[in-house]
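The structure presented is a predicted model; accordingly, all values stated were derived computationally and were not measured. Positions are given from 1, in the same order as the sequence printed here.
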Amino acid sequence: MARRREEYVGSWLPEPLLTSPDVAEDVELADNLSMAMLLVLEMLTPTERAVFVLREVFDLGYDELAEAVGKTPAAVRQIAHRARARVAERRSRSVASPAETRGALEAFRRAIETGDLQGLVDLLAPDVVALGDGGGVKQAMPRPVVGADKWLA
């Protein structure tokens, strides 16, 4: 039985390059994000967390931040300055649990993917105040609800 050598008749194409990110890079990124969120949770007060993350990551203006946290723009600038300094110094205020860190990372991921920052603000600033308006049709909330634990309950 004679063997016949096959030859490719089409044009030569190079081997495909891997364009998807390496799994190891994903793990390293997740690990870095986890550590960063842990540092933010441990070093900053709830208001400082909200201002720091929304300003540094999402580049919100001071006017928007002031409205979100119920402070003046000047106060928010000072809070942002203190938060950056505290993170740079790596001074811890408290210890965040792994569950708190996971929750913060999940809220952060959702905020990045959807652009909806409210869940992240609620987590980072648990002293949130919820106001409701029934639009004149019905009574939604007669009084403000203070605290994320009451609002989410």
Side-chain angles (χ1 to χ4, degrees), residues 14-153:
E15 291 293 319
L17 296 174
L18 294 177
T19 57
S20 63
D22 186 12
V23 173
E25 290 175 10
D26 288 347
V27 169
E28 183 179 351
L29 177 61
D31 203 31
N32 288 343
L33 277 175
S34 179
M35 181 56 78
M37 193 57 70
L38 180 65
L39 289 173
V40 167
L41 287 172
E42 289 181 352
M43 292 181 194
L44 304 176
T45 66
T47 302
E48 288 172 336
R49 291 176 201 160
V51 169
F52 181 79
V53 171
L54 295 174
R55 177 71 183 159
E56 299 300 315
V57 177
F58 294 99
D59 199 29
L60 260 62
Y62 291 112
D63 292 334
E64 289 176 283
L65 290 171
E67 187 178 323
V69 298
K71 308 266 185 206
T72 66
V76 169
R77 278 188 186 85
Q78 185 60 41
I79 291 168
H81 174 74
R82 283 191 203 124
R84 280 191 295 272
R86 197 167 278 127
V87 168
E89 293 170 3
R90 298 198 181 228
R91 271 190 313 185
S92 292
R93 288 171 112 25
S94 63
V95 178
S97 72
E100 287 176 309
T101 305
R102 278 192 301 278
L105 280 171
E106 183 59 30
F108 184 71
R109 186 187 59 77
R110 276 193 310 271
I112 289 174
E113 289 175 354
T114 65
D116 179 20
L117 302 179
Q118 190 59 51
L120 185 60
V121 170
D122 294 345
L123 181 83
L124 295 175
D127 55 350
V128 65
V129 176
L131 302 171
D133 181 7
V137 177
K138 58 183 169 179
Q139 186 176 8
M141 275 191 244
R143 289 180 301 285
V145 178
V146 180
D149 57 334
K150 292 178 187 165
W151 175 248
L152 298 174

Review point. Can you name the nearest heavy-atom pair linking E48 to R86, along with the distance?
Key: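 That would be OE2-NH1, 2.6 Å.
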Let me check something: any side-chain donor-acceptor pairs from residues 56-70 under 3.5 Å, sequence neighbours excluded? List them with distances.
from: E56; atom 1: OE2; to: R84; atom 2: NH1; distance (Å): 2.8
from: Y62; atom 1: OH; to: R55; atom 2: NE; distance (Å): 3.4
from: E64; atom 1: OE1; to: G61; atom 2: N; distance (Å): 3.3

Under 3.5 Å, which donor-acceptor pairs link side chains of residues 73-81 to any protein atom two or more places apart or in another chain?
none

